[in-house]
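Source: prediction; values computed, not measured. Naming: A, B, ... by sequence-line order, numbering from 1 per chain.
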Amino acid sequence: MSVTVTLPDGKPLELPDGATGADAAAAIGPGLARAALAIEVGQAKDGEVPQLRDLARSLPDGAHIAILTKDDGPKALELIRHDAAHVLAAAVMELYPGVKISIGPPITDGFYYDFEFPGGVTISEADFPKIEERMRAHVKAAEAFVREEVPVERARERFLSERQDYKVELIDDLVRGAAHGRSAAAVGDGAGSEGGAGRGTATEAGNPITSVSLYTNGPFTDLCRGPHAPSTKTIGAFKLSSVAGAYWRGDSNRTMLTRIYGTAFFSKAELDEHLERIEQARARDHRKLGRELGLFVFSDLSPGAAFWLPAGTIVWNELVALSRRMGRERGYTEVKTPQIFDAELWKTSGHWGKFREHMFTLEVEGREMGVKPMNCPGHLHLFAMQRHSYRELPVRYSEPGLLHRNEASGVLHGLLRVRHFAQDDAHIFCTEEQVQDELAGCLEMLFDTYAMFDFDVRLELSTRPQVRSGSDEMWDRAEDHLAKALEARGLHYELNPGDGAFYGPKIDIHITDSLARSWQLGTVQIDYSMPERFGVTYTGADNAEHQPVMIHRALFGSYERFIGIMLEHYAGELPLWLAPVQAIVLAVSDRFGDYASEVRDALLARELRVELDARSESIARKIREAELRKLPYMLVVGERERAERTVSVRAHHGGDLGSMTVEAFTDRLSGELSASYSRPR
RNA sequence: GCCGACGUAGCUCAACUGGUAGAGCAUCGCUCUUGUAAAGCGGAGGUUGCCGGUUCAAGUCCGGCCGUCGGCUCCA
């Protein structure tokens with residue numbers, strides 16, 4: 001008796017019956033046997049999803065297999081990070097008797113484990129050294145990860161007797177999930193491979209789960225779907241990084257657990273490199289750059305609201321100018337609507353019911369008013385106050401509107417999550433027949449806008465949420481429109497089910513910041529609901545009143561957030577057209593102040609943003625300071641330049657570009673500027 | 001909002017177990033008049049986030065509040 005499996009290169013490998021992944025690796029070679037971590041069974045073909053399994057499990061006859069080693073990148077890292085999460089739990093259980101464990105999956109850059117510590121015990125980073133020391137002992141001991149399949153009842157009793165309530169709940173949910181026909185994987189934690197059912201047990205609809213898998217390393221046993229590496233020793237280097245609160249099952253009504261984050265790599269060198277990357281990312285944190293470059297500051301007296309300094313205001317205004325120019329070229333018309341409205345407006349829009357807690361409200365002569373958290377209701381009301389013919393449509397109202405949202409204190413984050421901000425907002429009112437053209441126009445404008453910034457953007461289509469307004473038929477139509485518009489452009493997008501606005505689905509633009517956090521920027525939304533709520537109409541060719549379709553769109557999203565992301569993206573080195581100071585004239589000594597100001601004035605006359613540094617300081621110092629301010633161009637002028645009527649040009653990072661006439665330099669800059677402006681069509 | 005940590009001069013940071021706050025940079029003044037990443041000297045600058053408590057004595061310990069940071073939940 002034997003089994004035959006197929007290797008990645010297509011060659012068959014014959015093994016004795018009952019052979020394991022480890023046997024397969026050994027049969028291929030002793031080096032591979034040593035390096036093997038896990039084994040992938042199956043191939044990504046015909047809808048089949050390869051399963052990663054423990055090496056110790058026996059191989060099914062006829063399977064395609066691939067041995068996983070540390071050279072297999074993210075998959076291999078994920079494996080040992082999951083191992084590390086178990087090691088963390090093992091260490092914590094030894095150090096804190098009575099601790100309750102919940103889940104501990106690998107995540108993008110590491111892993112975490114959530115615990116409920118016994119009463120009175122709090123964990124802080126100060127506790128990490130001793131936890132890490134225990135973890136090291138487990139890694140050093142090269143404890144084998146041993147899998148066992150246990151009947152559900154026995155596993156349940158085991159965790160019940162250990163007072164591991166969260167594990168009991170997970171098991172109960174697994175059983176219930178299977179009974180309800182959901183896959184076992186879907187009722188796990190959703191974040192990783194914890195808490196899943198043992199494979200090989202029935203997970204089909206309606207079939208009850210009869211067993212679950214447990215993994216043991218050393219003294220620690222956890223409910224876990226696996227897989228794991230053969231032993232803890234493959235965790236080459238690890239480090240705990242932070243501690244945070246996290247709600248059990250992500251539900252803010254349930255217990256807050258203590259989450260310990262960490263990361264793991266195969267080697268110390270890789271870990272160090274990772275830590276170094278984080279350090280560098282911190283250096284380009286927009287909050288730090290904003291202060292250092294004199295763009296904006298924050299004050300305790302207005303949490304969640306930036307104070308824009310002159311330099312930052314220039315950046316802001318340039319973005320607004322870009323938005324206005326591009327809008328003008330595309331048939332948008334700018335409007336201005338009030339900041340404060342009677343609650344009536346918010347009741348009509350539905351925001352009063354859904355977001356009142358997050359609005360700033362005030363009472364004016366006995367009337368309840370709300371500061372606008374968004375522009376749409378104002379635009380709807382404005383549109384509704386006029387009579388409209390179908391001949392006018394589409395109407396495209398834009399407004400760089402100032403908005404206030406009373407965000408919970410805990411979510412504020414630099415410019416990326418604020419209470420006071422502005423959006424490059426616009427609302428299009430059009431006929432049903434015009435929807436596709438308008439959406440295409442929005443997407444085109446979106447890509448033209450983002451082309452100015454070489455960002456890596458990710459598109460998501462967010463569909464109907466649980467709580468929403470409008471009929472299902474409306475939602476079907478709206479979602480179809482967005483998907484169709486995306487597909488018409490051949491755009492790749494991810495589906496984000498249930499994440500749409502309460503009035504309509506949306507296409508969201510997401511971007512990743514320097515610390516790998518994801519943020520939403522622009523959005524294009526389609527809305528059949530608000531026009532109905534506000535009763536807005538236009539007169540059709542048939543002389544009857546019809547309801548227009550509304551498209552909401554903001555391409556930058558909020559200017560604040562966009563500038564924050566952009567600063568991190570460029571590490572503070574803004575492109576010339578956005579740089580608050582495009583060039584600085586540096587006088588070699590204050591004796592050349594006259595010529596230096598002449599040069600400055602010449603550049604000002606060409607509408608360049610230029611500064612003059614004629615202090616009695618060394619030229620080396622002036623250059624250093626200009627470099628630290630990341631100013632794109634430095635123009636050194638002294639004896640020679642005055643005599644020759646030239647400037648010596650130095651570019652940030654670019655070094656000395658030699659001397660040229662002021663004319664030549666301004667031409668060079670104008671050329672650079674028009675190149676950036678000519679990109680969007 | 002929830003969990004944890006943190007809050008000292010404009011910025012970055014010191015101040016042993018409680019003993020009366022200090023440095024660098026920046027700012028200001030003077031000297032130097034400078035050629036591609038920091039000239040020299042001197043001065044000024046703090047009710048240690050705010051309020052209360054313990055103590056002979058609080059930056060340090062305790063409580064409350066505010067804010068910030070890292071997460072969680074939320075995000076029209």
Side-chain angles (χ1 to χ4, degrees), chain A residues 112 114 117 122-127 241-261 282 285 287-288 291-292 297-304 346 349-359 372-377 403 405-414 416-418 423 465 469 499-504 506 508 515 517 519-520 523 525 527 530 552 554 557-558 561 586-593 614-628 634-641 648-652 655-657 659:
Chain A
Y112 67 78
D114 284 351
F117 284 89
T122 55
I123 295 296
S124 76
E125 292 185 19
D127 301 305
S241 50
S242 62
V243 57
Y247 297 109
W248 169 233
R249 303 233 134 158
D251 182 343
S252 57
N253 295 314
R254 304 198 63 176
T255 319
M256 176 151 280
L257 305 173
T258 301
R259 176 169 298 178
I260 299 179
Y261 285 94
R282 285 193 206 291
D285 187 305
R287 294 165 294 193
K288 185 171 145 74
R291 194 175 52 242
E292 288 173 354
V297 290
F298 288 92
S299 159
D300 286 3
L301 298 185
S302 189
W346 309 113
S349 69
H351 289 90
W352 200 253
K354 196 163 161 41
F355 292 108
R356 188 183 174 177
E357 290 299 298
H358 296 291
M359 281 176 65
K372 71 176 170 189
M374 57 181 341
N375 296 302
C376 348
L403 309 174
R405 295 182 185 178
N406 191 6
E407 302 284 6
S409 56
V411 306
L412 300 179
H413 181 100
L416 305 189
R417 190 77 181 267
V418 285
Q423 286 186 333
S469 86
D499 212 36
F502 72 86
Y503 48 75
K506 44 183 197 158
D508 288 329
L515 289 170
R517 289 173 294 213
W519 299 93
Q520 188 204 310
T523 182
Q525 311 174 354
D527 181 1
M530 288 292 167
H552 306 242
S558 109
R561 184 176 280 193
L586 308 177
V588 168
S589 91
D590 53 14
R591 289 191 290 123
F592 309 108
R615 293 173 302 162
S616 52
E617 289 289 350
S618 70
I619 188 67
R621 182 187 193 89
K622 293 173 187 175
I623 286 169
R624 176 179 157 81
E625 288 179 9
E627 287 283 359
L628 290 174
M634 287 148 273
L635 308 179
V636 176
V637 296
E639 189 72 60
R640 202 166 56 235
E641 289 76 14
S648 283
V649 181
R650 176 182 166 115
H652 179 57
D656 197 338
L657 302 182
S659 65

N/O contacts under 3.5 Å, protein versus nucleotides 28-32 of chain B?
unit_1, atom_1, unit_2, atom_2, d
B:C32, N4, A:Ser616, OG, 3.1

Legend entry - Pairwise C1' distance, B:G52 and B:U47 [rounded to whole Å]: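 Pairwise C1' distance, B:U47 against B:G52, rounds to 15 Å.
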Inset, instruction - Sticking with atom P, work out how far B:C16 lies from B:A21, rounded to a whole angstrom. - result: 14 Å
Inset, instruction - Under 4.0 Å between any heavy atoms, over every strand shown, what does A:Ile619 touch: base, sugar-phosphate, or nothing? Just pick one. - result: sugar-phosphate
Inset, instruction - Report the nucleotide, chosen from B:G35, B:U33, B:U36, that has the shortest atom-to-atom distance to any side-chain atom of A:Arg650. - result: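 Taking heavy atoms from C-beta onward, the closest nucleotide is B:U36.
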Inset, instruction - Would you mind telling me which residue lines up with the more 5' stretch of RNA chain B, A:Tyr261 or A:Leu628, judged by nearest nucleotide? - result: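 Between the two, 5'-proximity favours A:Leu628.
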Legend entry - Stem list, RNA chain B (Watson-Crick or G-U pairing under 3.5 Å, at least 3 consecutive pairs):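 Counting only runs of 3 or more consecutive pairs, the stems involving RNA chain B are B:1-7 with B:66-72, B:10-13 with B:22-25, B:28-31 with B:39-42, B:49-53 with B:61-65.
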Legend entry - Of the listed nucleotides B:U73, B:U34, B:G35, the one nearest the side chain of A:Glu641: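 Nearest listed nucleotide: B:G35.
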Legend entry - Nucleotide nearest A:Glu627 when distance is taken to its side chain, options B:G35, B:C2, B:A37: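 For the A:Glu627 side chain, the nearest candidate turns out to be B:A37.
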Inset, instruction - For A:Leu412, answer base if it contacts any base atom (sugar-phosphate contacts may also be present), sugar-phosphate if it contacts only those atoms, and nothing otherwise; contact means non-hydrogen atoms under 4.0 Å. - result: sugar-phosphate
Inset, instruction - Pick the C1' atom in B:A23 and in B:G46, then give their distance to the nearest Å. - result: 14 Å
Inset, instruction - Taking atom C1' in both B:C74 and B:C62, compute the distance separating them and give it to the nearest angstrom. - result: 34 Å
Inset, instruction - Spell out protein contact along nucleotides 5-14 of chain B as letters: B when the base is contacted, S when just the sugar-phosphate is, - when no protein heavy atom is under 4.0 Å; keep the 5' to 3' order. - result: S-----SS--
Inset, instruction - Please identify each residue that fulfils ring pair (Phe, Tyr, Trp, His ring centres under 6.0 Å) with A:Trp248, with sequence neighbours left out. - result: A:Tyr166
Legend entry - Rounded C1' spacing from B:U60 to B:G7 in Å: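 Each nucleotide's C1' atom is 14 Å from the other's.
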Inset, instruction - Output all residues satisfying side chain to side chain contact (heavy atoms under 4.5 Å, CB included) with A:Asn253, sequence neighbours left out; order by chain, then residue number. - result: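 So A:Asn253 forms a side chain to side chain contact (heavy atoms under 4.5 Å, CB included) with A:Asp251.
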Inset, instruction - Consider only side-chain N and O atoms of A:Ser648 and A:Glu641, and report whether a donor and an acceptor are under 3.5 Å apart. - result: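 On atom types as modelled, these side chains qualify, holding a pair under 3.5 Å.
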Legend entry - Nearest-nucleotide 5' precedence on RNA chain B, A:Pro303 against A:Ser589: A:Ser589
Inset, instruction - Scan A:Ser299 against the nucleic acid and name what it touches under 4.0 Å (heavy atoms): base, sugar-phosphate only, or nothing. - result: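 Counting heavy atoms under 4.0 Å across all strands, no contact is made by A:Ser299.
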Inset, instruction - Applying side chain to side chain donor-acceptor pair (under 3.5 Å), name anything that partners A:Asp527, two or more places apart in sequence or on another chain. - result: A:His552
Legend entry - Whole-Å P distance, B:A5 and B:C65: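 After rounding to an integer number of Å, I get 15 Å for this pair.
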Inset, instruction - In whole angstrom, give me the gap between the C1' atoms of B:C3 and B:U73. - result: 11 Å
Inset, instruction - Report the residues that fulfil salt bridge (Lys or Arg N to Asp or Glu O under 4.0 Å) with A:Asp114, sequence neighbours left out, ordered by chain and then residue number. - result: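 So A:Asp114 forms a salt bridge (Lys or Arg N to Asp or Glu O under 4.0 Å) with A:Arg259.
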Legend entry - Heavy-atom check, side chain of A:Leu586 versus side chain of A:Ile623, under 4.5 Å: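 A side-chain contact under 4.5 Å exists here.
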Using nucleotides 74-76 of chain B, report all nitrogen or oxygen pairs with the protein that are shorter than 3.5 Å.
unit_1, atom_1, unit_2, atom_2, d
B:C74, O2, A:Arg417, NH2, 2.7
B:C74, N3, A:Arg417, NH1, 3.0
B:C74, N3, A:Arg417, NH2, 3.4
B:C75, O2, A:Arg417, NE, 3.3
B:C75, O2, A:Arg417, NH1, 3.1
B:C75, O2, A:Arg417, NH2, 3.3
B:A76, OP2, A:Lys506, NZ, 3.4
B:A76, O3', A:Tyr503, OH, 3.3
B:A76, O2', A:Tyr503, OH, 3.3

Inset, instruction - Consider only side-chain N and O atoms of A:Glu407 and A:His358, and report whether a donor and an acceptor are under 3.5 Å apart. - result: no
Legend entry - Listed nucleotide nearest any side-chain atom of A:Arg624, set B:A37, B:U27, B:G4: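 Of the options given, the side chain of A:Arg624 lies nearest B:A37.
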Inset, instruction - State, yes or no, whether a side-chain contact exists between A:Tyr503 and A:Ser349 at a heavy-atom distance under 4.5 Å. - result: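 No, too far: nothing below the 4.5 Å cut-off.
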Legend entry - salt bridge (Lys or Arg N to Asp or Glu O under 4.0 Å) against A:Arg356, all qualifying residues, sequence neighbours excluded: A:Glu368
Inset, instruction - Give a yes or no on whether the backbone of A:Arg615 and the side-chain of A:Lys622 come within a donor-acceptor separation of less than 3.5 Å. - result: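 Yes, A:Lys622 side chain to A:Arg615 backbone: donor-acceptor pair under 3.5 Å.
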Inset, instruction - Quick one: list whatever passes salt bridge (Lys or Arg N to Asp or Glu O under 4.0 Å) with A:Glu292, sequence neighbours left out. - result: A:Lys288
Inset, instruction - Record whether the side chain of A:Arg621 comes under 3.5 Å of the base of B:A38 through a donor-acceptor pair of N or O atoms. - result: no
Inset, instruction - Return the set of residues passing side chain to side chain contact (heavy atoms under 4.5 Å, CB included) with A:Leu628 (not counting sequence neighbours), or none when no residue passes. - result: A:Arg624
Legend entry - Under 3.5 Å donor-acceptor, A:Ser241 side chain and A:Tyr261 backbone: yes
Inset, instruction - Could you work out the separation of B:G45 and B:G24 based on their C1' atoms and round it to a whole Å? - result: 15 Å
Legend entry - Contact check, side chains of A:Pro303 and A:Leu412, non-hydrogen atoms, under 4.5 Å: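 The answer is yes; the side chains approach within 4.5 Å.
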Legend entry - A:Met256 side-chain proximity, nearest of B:G71, B:G70, B:A37: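 It is B:G71.
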Inset, instruction - Applying salt bridge (Lys or Arg N to Asp or Glu O under 4.0 Å), name anything that partners A:Arg405, two or more places apart in sequence or on another chain. - result: none
